[in-house]
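Structure, as structure tokens:
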Amino acid sequence: MTIQKWCFSFNGRIGRRDFWIWMGLWSLLLVIIFSIAGSGWVSLQTAAFGLVFSLWPTAAVLVKRLHDRNKSGWWALLVVLAWMLAAGNWSMLAEIWQWGVGRFIPTLIGVMMLIDCGSFVGTEGDNRFGPEPTPVDFKNAGR
């Protein structure tokens, strides 16, 4: 698989190795971007743009990993749900419900998705989303 397909295509499958490589790169990128914004070198809006810009490749990697687990890519919308719940204003609810809806449920969704995609082995052989994944070829990326 090429790096372009790895980052921008929603078709195919990837293994755990390539999933964790992207998650590590994405986390490092976000730490760098928001650290630079926190030091005042760029505005917070610019950092937020960097986050939004990185969502497409992150979604593509997540969907391909779900495909390897023989699950529809639509399951990735659970991450969007978790994000919306965490960002919501739940002050109209009782305090325990604020915590449950705004913190516990999004954390549970995130941890379950991370365990499912990052720990469990994908489907052996071909599945409905394509042949068994081949690792991303990082050495010949420029050729």
Side-chain angles (χ1 to χ4, degrees), residues 1-91 93 96-143:
M1 177 178 294
T2 65
I3 290 179
Q4 291 82 7
K5 185 175 180 184
W6 179 52
C7 286
F8 299 108
S9 171
F10 287 84
N11 297 323
R13 298 165 54 184
I14 62 169
R16 289 179 293 181
R17 172 189 160 257
D18 296 331
F19 172 77
W20 281 116
I21 288 172
W22 177 257
M23 287 297 136
L25 289 173
W26 186 58
S27 299
L28 181 64
L29 174 71
L30 292 182
V31 166
I32 290 170
I33 287 172
F34 284 99
S35 294
I36 290 171
S39 67
W41 290 358
V42 297
S43 68
L44 190 57
Q45 289 82 9
T46 304
F49 177 77
L51 170 68
V52 171
F53 183 75
S54 69
L55 289 179
W56 184 276
T58 303
V61 167
L62 179 60
V63 166
K64 285 193 289 285
R65 182 63 190 133
L66 286 166
H67 286 173
D68 190 41
R69 299 269 305 122
N70 205 22
K71 295 180 179 181
S72 170
W74 290 107
W75 282 101
L77 289 177
L78 282 174
V79 176
V80 175
L81 173 65
W83 194 329
M84 290 171 56
L85 288 173
N89 180 3
W90 303 106
S91 61
L93 299 175
I96 188 69
W97 287 103
Q98 290 177 26
W99 176 82
V101 174
R103 299 293 174 258
F104 179 73
I105 293 174
T107 302
L108 182 65
I109 291 171
V111 168
M112 294 304 293
M113 289 293 285
L114 202 60
I115 289 171
D116 186 38
C117 291
S119 298
F120 296 136
V121 177
T123 308
E124 290 188 27
D126 295 353
N127 70 13
R128 61 187 171 141
F129 299 104
E132 197 161 342
T134 57
V136 176
D137 189 8
F138 296 106
K139 292 180 182 174
N140 297 319
R143 297 180 195 174

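This structure is a prediction, so every number in the text was calculated from the model and none was measured.
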Quick check: do [X] and [Y] have side-chain heavy atoms less than 4.5 Å from each other?
| X | Y | result |
| --- | --- | --- |
| Ile21 | Trp6 | yes |
| Leu78 | Met112 | no |
| Leu62 | Val79 | yes |
| Ile14 | Asp68 | no |
| Leu77 | Leu81 | no |

- prompt: For residues 46-55, which residue pairs qualify under side chain to side chain donor-acceptor pair (under 3.5 Å), counting only residues two or more places apart or in two chains?
  reply: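 Residue pairs with at least one partner in residues 46-55: Trp26-Ser54, Ser43-Thr46.
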query: Which residue pairs satisfy the side chain to side chain donor-acceptor pair (under 3.5 Å) criterion with at least one member in residues 15-25, sequence neighbours excluded?
result: Trp22-Thr58
Donor-acceptor check, side chain of [X] to backbone of [Y], threshold 3.5 angstrom: yes or no?
| X | Y | answer |
| --- | --- | --- |
| Arg65 | Phe19 | no |
| Arg69 | Thr123 | no |
| Ser39 | Ile36 | yes |

How long is the gap from [atom1] on [X] to [atom2] on [Y], to the nearest 0.5 Å?
| X | Y | atom1 | atom2 | result |
| --- | --- | --- | --- | --- |
| Leu44 | Ile33 | CG | CD1 | 11.5 Å |
| Lys71 | Asp116 | NZ | CG | 3.5 Å |
| Ile105 | Leu85 | CD1 | CG | 6.5 Å |
| Ile115 | Met113 | CD1 | CE | 11.5 Å |
| Leu93 | Trp99 | CG | CH2 | 14.0 Å |

message: The criterion is ring pair (Phe, Tyr, Trp, His ring centres under 6.0 Å); which residues satisfy it with Phe34, sequence neighbours excluded?
response: none
So, for [X] and [Y], which heavy atoms are closest and what is the spacing to 0.1 Å?
| X | Y | result |
| --- | --- | --- |
| Leu66 | Gly73 | CD1-O, 4.2 Å |
| Ala86 | Pro106 | N-CG, 3.7 Å |
| Glu124 | Glu132 | C-OE1, 4.1 Å |
| Ala60 | Cys7 | CB-O, 3.5 Å |

field: Trp56 ring center within less than 6.0 Å of Phe10 ring center
entry: yes
ring-ring contact (aromatic ring centres under 6.0 Å, His included) pairs, two or more places apart, involving residues 64-90: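 Every ring-ring contact (aromatic ring centres under 6.0 Å, His included) pair that includes a residue of residues 64-90, provided the two are not neighbours, is His67-Phe129.
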- prompt: What residues, two or more places apart in sequence or in another chain, satisfy side-chain hydrogen bond (donor to acceptor under 3.5 Å, both in side chains) together with Asn89?
  reply: Ser91
field: Residues that Asn11 engages under side-chain hydrogen bond (donor to acceptor under 3.5 Å, both in side chains), provided they are two or more places apart
entry: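 Not a single residue meets the side-chain hydrogen bond (donor to acceptor under 3.5 Å, both in side chains) criterion with Asn11.
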